[in-house]
2 protein chains.
Amino acid sequence: MTFVISKLYNVITGIKFSLNDSLYSRDPQNTELGQRILKHSINLIDEIGLEDFTFKKLALEIESTEASMYRYFENKHQLLLFLTSWYWQWVQYLISIHTLNIDDPERRLKIIIKSIINATSENALNEYINESLLHRIIINESSKAYHTHAVDEENKHGIFSSYKELAETIARAILAINPSFPYPHSLASNMLEMAKNQVHFAQHLPRLTDIKVPKGDLSELETMMEFFVMKLVKD
Amino acid sequence: MTFVISKLYNVITGIKFSLNDSLYSRDPQNTELGQRILKHSINLIDEIGLEDFTFKKLALEIESTEASMYRYFENKHQLLLFLTSWYWQWVQYLISIHTLNIDDPERRLKIIIKSIINATSENALNEYINESLLHRIIINESSKAYHTHAVDEENKHGIFSSYKELAETIARAILAINPSFPYPHSLASNMLEMAKNQVHFAQHLPRLTDIKVPKGDLSELETMMEFFVMKLVKD
DNA sequence: TTATTAAGAATAGTAAAACTATTATCTCTA
DNA sequence: TAGAGATAATAGTTTTACTATTCTTAATAA
């Protein structure tokens, strides 16, 4: 019996990404407490927002201690960086799966758009990350990850590489359709930002958008994104 | 002599906008200390970033007290909201001047693009707001203004109306070119966001863009924005 | 001229956030 | 069974983000 419990203690379930060392003090994916930190921080940030989120509140939720949180992440900003990186790797992973045998460049790009937008509804088959809530955090909080005075320093440590690699993937797909398109990287990053912002606007500042997101249904966003991207990319 | 000093004390110089009541506790544009708060907060936020910025440091800079800062703004988030609102009203004002006698819709939209991008180089003729630094703050920090758990509450109080009115102006200009364009508001907000993000990326995460901003020269951004917008809007 | 008001300064707090350090305990593994 | 690694428990410190109160001075209105 104790054997089962002690074994359970170390079981790592589902998908796990290799993330840059600088995104944590100790990799939370590898321990039970680490996974609980991820799970509950996603719940709590979604619930009260990053500003009001503290390690003390998180520890209370988990029934652990503040000090234990600090063994995994230096501060809540690093935790946010971890969560966003994880998310972008997840999107990258979904794109690679869904475009595996697709040769038509236009179909590829459309699948990429779909993957960016619907990453939330696919299940990572790990128990500690709720992609749907994480998606909401990405929409609401992720811009804070790179809008900071420490961007350059953090960038040197490779903190943003998953985001940049995802943008590179999209840029390549754009060029596959139109090799002379002059702004593939700008369009790629703009697609990612637009996918976030337009949902946020639809939900909070509806005069800033023309789409609706009824009950989280993102199909209007997908139609619009396709319209924008295809009109721009095609000759 | 005392007369001159006491009179100087109350001189309000240059342009002044009427901003929503909820953006301050006491309108900083109306007093000497208020103007110094605006001026030095712009300098200080630009220098150390919003995260490290505190009213204590600001008071030290101004040689006033923390408590006095709180008589103008409830907290630093409200100060950020004030600065961003001021900036968007400033851009709106520039657009209205520059498009005054322009009837050709395409020329109008191009002037709008130019105004959004080059708002920084025009002088407001008031001494307490440095538009160039403020523009950098907008680029680096303004997204934090509406990415907060209190968006809905703040939106109810009309906090974001200058941004929304500016977007509405742009949307109308888009429809003037192509009345059947299906996403005028989304394109308008995306233009504003893109103008910020692409500069930020060029300066800090260059793999996310194709433009360069050498020594703050924004001409490549303008060319790209025109390309994107015109290709999308025109039939 | 004086009384009133408003602006700002000075002082002195508090509560919470954001950490850090130390020691103890517990469990797994060698 | 000893040692390593993970987590807990405890107890701090510093800084931030405020609030409250009193005092002084300047502007203004009667």
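To find a chain, count down the sequence lines: A is the first, B the second, and so on, and within it residues start at 1.
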Cationic N near anionic O, under 4.0 Å, [X] to [Y]:
X	Y	result
A/Glu222	A/Lys114	yes
A/Arg36	A/Glu32	yes
A/Glu51	A/Lys144	yes

[X] [atom1] to [N] [atom2], straight-line distance once rounded to whole Å:
X	N	atom1	atom2	result
A/Asp27	D/dG5	CG	P	17 Å
B/Phe73	D/dT19	CZ	P	16 Å
B/His77	D/dT16	NE2	C1'	17 Å
B/Ile62	C/dA7	CD1	P	17 Å
B/Arg71	D/dT21	CZ	C1'	12 Å
A/Glu63	D/dA9	CD	C1'	15 Å
B/Asn30	C/dG8	CG	P	10 Å
B/Leu33	D/dT25	CG	P	17 Å

Could you check whether any side-chain heavy atom of A/Val151 comes within less than 4.5 Å of a side-chain heavy atom of A/Phe160, counting everything from C-beta outward?
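When only atoms from C-beta onward are counted, A/Phe160 and A/Val151 do touch, with a gap below 4.5 Å.
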Would you give a per-nucleotide map of nucleotides 16-24 of chain C, 5' to 3', where B means the base has a protein non-hydrogen atom under 4.0 Å away, S means only the sugar-phosphate does, and - means neither?
-SBBBB---
Using a heavy-atom cut-off of under 4.0 Å over every strand shown, decide if A/Arg26 touches base, sugar-phosphate, or nothing.
sugar-phosphate
What is the nucleic acid contact for A/Tyr72, judged by heavy atoms within less than 4.0 Å: base, sugar-phosphate only, or nothing?
sugar-phosphate
State whether a side-chain donor-acceptor pair under 3.5 Å links A/Glu154 with A/Thr148.
no
Taking five pairs at each end, how big is the angle between the two axes of the helix from C/dT1-D/dA30 to C/dA30-D/dT1, to 10°?
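The angle, to the nearest 10 degrees, is 10°.
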Within 6.0 angstrom of B/Lys196 NZ, more than 12 heavy atoms from elsewhere:
yes
For A/Phe17, does the CZ atom sit with more than 12 other heavy atoms under 6.0 Å from it, leaving out its own atoms?
yes
What's the separation between atom OG in A/Ser161 and atom CD in A/Gln89, rounded to the nearest 0.5 Å?
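With rounding to 0.5 Å, OG (A/Ser161) is 7.0 Å from CD (A/Gln89).
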Under the ring-ring contact (aromatic ring centres under 6.0 Å, His included) test, which residues partner A/His40, sequence neighbours left out?
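By the ring-ring contact (aromatic ring centres under 6.0 Å, His included) rule, A/His40 matches no residue at all.
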